[in-house]
Amino acid sequence: MKKHHPKKKVSPTKKWSAKLHLWLGLSVGIIVFIVSLTGTLYIFKDEVQNSLRKEAIYVKKEDPGKKALSLNLLREKVSLELNEKYPLSSVEIPLDKSKSYRFLYYEKSKKGWNYFQQVLINKQAYVNQYTGEIIAVYNEKYDVFNILKYIHWGLLLNSEWGPYTVGIPTVLFIIMLITGIILWWPKNKNARKGRFWFNWENVKNWKRKNYDLHNVLGFYASFIALIMSVTGIYFAYPYVKNTFNLAISGYWEAPKEKEIKSPDSLMVKNEAVFDLAAAQTEKLYAGSSSFRINLNGKNKKGKELKNLPVTIYGKDGRFSERNLLTFDKYSGKLLANKPHQKLSNAEKYANANYDVHTGSYFGLFGKIIWFIAGLTCTSLPVTGFLVWWEKERKKERKYNEKSAFISCLLRNYYRFCSGKRYTTN
């Protein structure tokens, strides 16, 4: 006779974790799949673009010995040649003299329900600063990486409410990750050892392999996935950012900086103001990667700036080490210098959050780890759905077998009552 082992009691924590994990997975699985896939494909954007745009990024070998043309002249040249409806927004100047200047057009509208209607223009012109030649122009609005970015950010929906369509599922995904770890964690040490890697020596059934893929890969990826998810909702929800501020620097909201009034506002504007700002920036931050100068006198929200801000990037492809200089927009006089070292911990983290989110904060190795974790997160909704689907099919088969058995009993009972010979069919 077969021994009947009593079923192990499931703790209420695991029971509710299983329900939450299942319900949330079925609810937002498709969005998690899309967000994970687009984010993963975006990770190596800089490496891919730098390779494809190599000829535009670098100027001719004989040119770096020459003197760069004035920014005003270059700006006018780009504006005349491209003849765009909107003014140039900014210019990024590399400290590496063999690299070209990048002039950016960017204008955004508050109207429109999707990304393509909101972004009016997003173009980048690579210019040889020594000759004024426009090497290449890229329409970033339709660039595959920008489209991936905005699908990841808000499913290409309006930037005001689009992030919530991704932010809410991301919060639910965080709960799924936590409940997944609870479900993975076994009661005893012996069972725990077998859950750290695949044991497929005598396993031929794809269902078991699929279950192990979801379980084992999900466990390893969950810790990186938690970092990616939390840093993602940091962008979407102000209260998440404020919680970080409180934990890191002891204040809920960062104090607003008073904009310095221009002392030379009554002066006639110096035509060489951009060149003066650029020369002082290069002198103060000679070891940096590049710096960006605002050209249209407006901030991201379209409001007019009272001064001329210059953002300096410490390392190529990184936003974490940022310094800020403020110049008088009439005379080019330096008004304020805010180096990275003097920022509060909350401000430093605010600058670094994007790099942490993409893995670039930890260099190329970090990007590779983030890429693998991203691929695993992309697979989790698929393997999880297949696990659920097989369980449902198994339930359905058992139900059909029970129904057939009951039907057979009723049919034979009827035959017996009616005096007919009964069968087992």
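It should be emphasised that the depicted structure is a prediction, and the values quoted were computed from it without experimental measurement.
Taking 4.0 Å as the cut-off between side-chain N and carboxylate O, Asp328 and Lys306 do not count as a salt-bridged pair. Electrostatic pairing of Glu140 and Lys149 does not count as a salt bridge here, judged by no charged N lying under 4.0 Å from a carboxylate O. Using a 4.0 Å cut-off between charged side-chain N and carboxylate O, Lys298 and Glu304 make no salt bridge.
Heavy-atom neighbours of Trp389 CH2 from other residues, nucleotides or ligands within 6.0 Å: at or below the threshold of 12. Within a 6.0 Å sphere centred on CH2 of Trp16, other residues, nucleotides and ligands contribute 12 heavy atoms or fewer.
Checked against the 6.0 Å centroid criterion, the rings of Phe291 and Tyr285 do not qualify as a close aromatic pair. In this structure, the ring of Tyr237 has its center less than 6.0 angstrom from the ring center of Tyr164. Between Trp153 and Tyr115, the distance separating the two ring centers is not shorter than 6.0 angstrom.
A distance-only check finds a donor-acceptor pair linking the side chain of His21 to the backbone of Met176 [under 3.5 Å]. A distance-only check finds a donor-acceptor pair linking the side chain of Glu347 to the backbone of Ser344 [under 3.5 Å]. In terms of modelled atom types and a separation under 3.5 Å, the side chain of Ser249 and the main chain of Asn245 share no donor-acceptor contact. Panel note: side chain Gln129, backbone Leu71; no donor-acceptor pair is recorded below 3.5 Å. A donor-acceptor contact shorter than 3.5 Å is absent between the side chain of Ser360 and the backbone of Gly363. When atom types are taken as modelled, the side chain of Asn307 and the backbone of Pro309 share no donor-acceptor pair closer than 3.5 angstrom. Ser100 places no side-chain N or O within 3.5 Å of a backbone atom of Val59 that could act as its donor or acceptor partner. With hydrogens and angles disregarded, no donor-acceptor distance shorter than 3.5 Å links the side chain of Ser51 to the backbone of Val48. Panel note: side chain Lys338, backbone Asn323; no donor-acceptor pair is recorded below 3.5 Å. Between the side chain of His340 and the main chain of Glu321, no donor-acceptor pair closer than 3.5 Å is present.
When Lys367, Arg53, Lys54 are each tested for a salt bridge (charged side-chain N to carboxylate O under 4.0 Å, His left out) with Glu47, only one passes: Lys367. Only one option out of Phe219, Tyr220, Tyr211 pairs with Trp184 in a ring pair (Phe, Tyr, Trp, His ring centres under 6.0 Å); it is Phe219.
A donor-acceptor pair shorter than 3.5 Å cannot be found between the side chains of Tyr138 and Asn146. Residues Asp96 and Ser98 bring a donor and an acceptor atom of their side chains to less than 3.5 Å of each other. Side chains of Glu84 and Ser79: no donor on one and acceptor on the other come within 3.5 Å. With no hydrogens or angles considered, a side-chain donor-acceptor pair links Tyr349 and Asn353 at under 3.5 Å. Between the side chains of Asp143 and Gln49, at least one donor N or O sits under 3.5 Å from an acceptor N or O. Between the side chains of Thr231 and Tyr354, no donor N or O sits under 3.5 Å from an acceptor N or O. A donor atom on one side chain and an acceptor atom on the other are found under 3.5 Å apart for Arg292 and Ser90.
Pairing each heavy atom of Ala278 with each of Ile93, the nearest pair is CB-CD1, 4.4 Å. Nearest heavy-atom pair, Pro94 versus Tyr101, reported as atom, atom and distance to 0.1 Å: CD-CD1, 3.9 Å. Considering every non-hydrogen atom in both Val230 and Val240, the closest pair reads O-CG1, 4.4 Å. Taking all atoms of both residues into account, the shortest heavy-atom contact from Ser229 to Leu177 is OG-CD1, 4.2 Å. Heavy-atom minimum distance, Ala350 versus Lys241: CB-CE, 4.3 Å. In terms of heavy-atom proximity, Ile227 sits nearest to Val356 at CG2-CG1, 3.9 Å.
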Stepwise side chain to side chain donor-acceptor pair (under 3.5 Å) test for Ser288 and Lys315: CA-CA 6 Å; Ser288 298; Lys315 292 182 180 179; over 6 Å; no
Let's go through Lys99 and Glu92 carefully: what are the C-alpha distance in whole Å and the side-chain angles of both, what is the deciding distance for salt bridge (charged side-chain N to carboxylate O under 4.0 Å, His left out) to 0.1 Å, and is it a yes or a no? CA-CA 11 Å; Lys99 289 184 176 181; Glu92 187 162 336; over 6 Å; no
Evaluate Glu133 against Lys77 for salt bridge (charged side-chain N to carboxylate O under 4.0 Å, His left out), listing each step before the verdict. CA-CA 9 Å; Glu133 175 198 357; Lys77 189 172 176 58; over 6 Å; no
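Every residue was checked against the side chain to side chain donor-acceptor pair (under 3.5 Å) condition with Tyr142, not counting sequence neighbours, and none meets it. By the salt bridge (charged side-chain N to carboxylate O under 4.0 Å, His left out) test, Glu107 is found to be paired with no residue, residues two or more places apart in sequence or in another chain being considered.
You'll find the side chain of Gln280 stays beyond 4.5 Å of the side chain of Leu325, heavy atoms only.
The side-chain tip of Lys391 does not point at the ring of Trp388 from less than 6.0 angstrom away and within 45° of straight on. Remark: Arg322 is not positioned above the aromatic ring of Tyr313, lacking an NZ or CZ atom under 6.0 angstrom from the ring centre and at most 45 degrees off the axis.
Every pair passing salt bridge (charged side-chain N to carboxylate O under 4.0 Å, His left out) that includes a residue from residues 348-361 is listed here, sequence neighbours excluded: Arg318-Asp355.
The CG atom of Leu380 lies 7.5 Å from the CG atom of Leu217; values are rounded to the nearest 0.5 Å.
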